[in-house]
Amino acid sequence: MDRPGRRARANAEADHRLHHLAAELPLPAGAFGQTVRVAPGRLGLCLGLPDEPSVDAALRRLGGGDLSVAWRDQRLGAEAHRSDAAAARRGGGRVVLFPGWSDLPPTLTVAELLATTAIERVTALGGTPVDPAARLETRGHLRPTWHDDLLTLQLAPARHGYLPDPQPCCTP
């Protein structure tokens, strides 16, 4: 079983790797990037790209070194990681990169969040509905997840509105 501190470090490293990939490729505006637990103690990175030219460019840049890429029936990269690449494609996990993530202000309303990002649904802990006029302090670290095919952000009530779900930084 993973130790909590080790898990947080691994997730933080995976998040940083996705951010570096976003800068290196560069990813188009419609791209998604998420971390996915592919096996005990291992995370996979999953990029959701909006079109075939973006996929072709990513495959040319990523298919080597310690990265492996899965796209449809193609598997490129380090043999040891090819099954992880295929497992990451199946989804789940924490979404790190999504349309609108890079332009998030420190504070906004839930309605503004829904209007300016790819996040489609916001819930509070326990499934409580969230007022669209409620204030959200982003802390520069929003990690929505996919629920029922909707990009969903879970929030925690706070004194003056809401905060991102209070899980320790970088945990799924």
Could you list the donor-acceptor pairs under 3.5 angstrom formed between side-chain atoms of residues 127-137 and any protein atom two or more places apart in sequence or on another chain?
| residue | atom | partner | partner atom | Å |
| --- | --- | --- | --- | --- |
| Asp131 | OD1 | Ala133 | N | 2.9 |

Any donor and acceptor pair, going by atom type alone, linking the side chain of Thr116 with main-chain N or O of Leu104 inside 3.5 Å?
no

Please tell me if the side chains of Trp146 and Leu151 come closer than 4.5 Å, counting only heavy atoms from C-beta onward.
yes

Testing the basics here: between Thr35 and Ala14, what is the closest heavy-atom pair and its distance to 0.1 Å?
CG2-CB, 3.5 Å

Validation row: Thr152, Glu120 side chains within 4.5 angstrom (heavy atoms)
no

If we only count heavy atoms from C-beta on, is the Thr123 to Leu155 side-chain gap below 4.5 Å?
no

When you compare the side chain of Gln154 with that of Val122, does any pair of heavy atoms fall below 4.5 Å?
no

Hey, does Phe98 have a side-chain heavy atom less than 4.5 Å from the side chain of Gln34?
no

Any side-chain heavy-atom pair from Arg121 and Asp148 closer than 4.5 angstrom?
yes

For Ala158 and Leu163 the tightest heavy-atom approach is CB-CG, 3.7 Å

Nearest-0.5 Å distance, OG1 of residue Thr109 to OH of residue Tyr162:
13.0 Å

Please check if the distance between the ring centroids of Trp101 and His19 is under 6.0 Å.
yes

Got Leu113 and Leu142 here, is their nearest side-chain heavy-atom distance under 4.5 Å?
yes

Partner residues of Thr145 under the side-chain contact (heavy atoms from CB on, under 4.5 Å) criterion, sequence neighbours left out
His147

In short, His16 meets His20 closest at the heavy-atom pair O-ND1, 2.6 Å

